[in-house]
Amino acid sequence: MYQYVLSIHIIFVVCWMAGLFYIVRLFIYHTEAQEKPEPDRTILSNQFEIMERRLWNVITVPSMFLVLAAGVTMVCLNFDYLIHQPWLQIKLCFVAGLIVYHYICQNKIKQMRKGIFKWTSTQLRIWNEVATIFLFAIVFLAVLKDGLNWIFGVVGIIAVSVILMCAVKIYKYYRTKD
């Protein structure tokens, strides 16, 4: 039974992460559409709101709940072993961070529907990389478990963060250069 639940867990992690990555990409396009003249701005905003709502309600939110349900089920099926594993406790902290990220994105959807655009497209690009950092941390903890050397793990996450932030800045430089 555990392997079936694990399979469901992995499948819906992929769906959830795809939804989180794409929703922020839609936020970027939605924000940039505000710089367009009318009627383009209204047409684009209306379309982005539809896309955001469908992505969020049909894929992202249900996937998150299925991931959490499968995760809880796996812990219950193997409780005596898993509950005492330090790697799982740390992984769950990162999962909690990803859930907070999820709800911040949900708040951004509500703000944009009201015409409130607090973050620039560059800030949203950086925000998109936060999910990548969570994903790296969670996957490495789940795969390497206790074999993970914490010094290399911390240095690795910092290095990935720096590389992603540099990539965003380089992209912005070349984008504004044109």
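These figures come from a predicted structure and were not determined experimentally. Excluded from the calculations below are hydrogen atoms, water molecules and symmetry mates; all remaining heavy atoms, backbone and side chain alike, are included.
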Just list the side-chain donor-acceptor pairs under 3.5 Å for residues 43-50, sequence neighbours left out, or say none.
{"from": "Ser45", "atom 1": "OG", "to": "Gln34", "atom 2": "NE2", "distance (Å)": "2.7"}
{"from": "Ser45", "atom 1": "OG", "to": "Arg41", "atom 2": "O", "distance (Å)": "3.0"}
{"from": "Asn46", "atom 1": "ND2", "to": "Thr42", "atom 2": "O", "distance (Å)": "3.3"}

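- Remark: Val160 pairs with Phe136, Leu164 by the side chain to side chain contact (heavy atoms under 4.5 Å, CB included) rule, at least two apart or across chains.
- A search for side chain to side chain contact (heavy atoms under 4.5 Å, CB included) contacts involving Gln89 returns nothing, not counting sequence neighbours.
- For Trp56, the side-chain hydrogen bond (donor to acceptor under 3.5 Å, both in side chains) partners are Gln106, not counting sequence neighbours.
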Could you give the side-chain donor-acceptor pairs of residues 108-115 under 3.5 Å, partners two or more places apart or in another chain?
{"from": "Lys108", "atom 1": "NZ", "to": "Gln111", "atom 2": "OE1", "distance (Å)": "2.9"}

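- Applying the side chain to side chain contact (heavy atoms under 4.5 Å, CB included) rule to Val162 yields the partners Ile158, Cys166; only residues at least two apart in sequence or on another chain are considered.
- Annotation: salt bridge (charged side-chain N to carboxylate O under 4.0 Å, His left out) contacts involving residues 15-33, sequence neighbours excluded, comprise Glu32-Arg125, Glu32-Arg175.
- Within the structure, the ring pair (Phe, Tyr, Trp, His ring centres under 6.0 Å) test picks out no pair touching residues 58-80 (sequence neighbours left out).
- Listed by chain and number, the residues in a ring pair (Phe, Tyr, Trp, His ring centres under 6.0 Å) with Phe94 amount to none (sequence neighbours excluded).
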Can you give the donor-acceptor pairs under 3.5 Å from side chains of residues 2-18 to other protein atoms, not counting sequence neighbours?
{"from": "Ser7", "atom 1": "OG", "to": "Gln3", "atom 2": "O", "distance (Å)": "2.9"}
{"from": "His9", "atom 1": "ND1", "to": "Val67", "atom 2": "O", "distance (Å)": "3.1"}
{"from": "Trp16", "atom 1": "NE1", "to": "His102", "atom 2": "ND1", "distance (Å)": "3.0"}

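- Heavy atoms only, all atoms of each residue included: Leu68 and Ile99 are closest at CD2-CD1, 3.8 Å.
- Scanning for side chain to side chain contact (heavy atoms under 4.5 Å, CB included) contacts around Ile104 gives Val100, Trp119, Trp127, with sequence neighbours left out.
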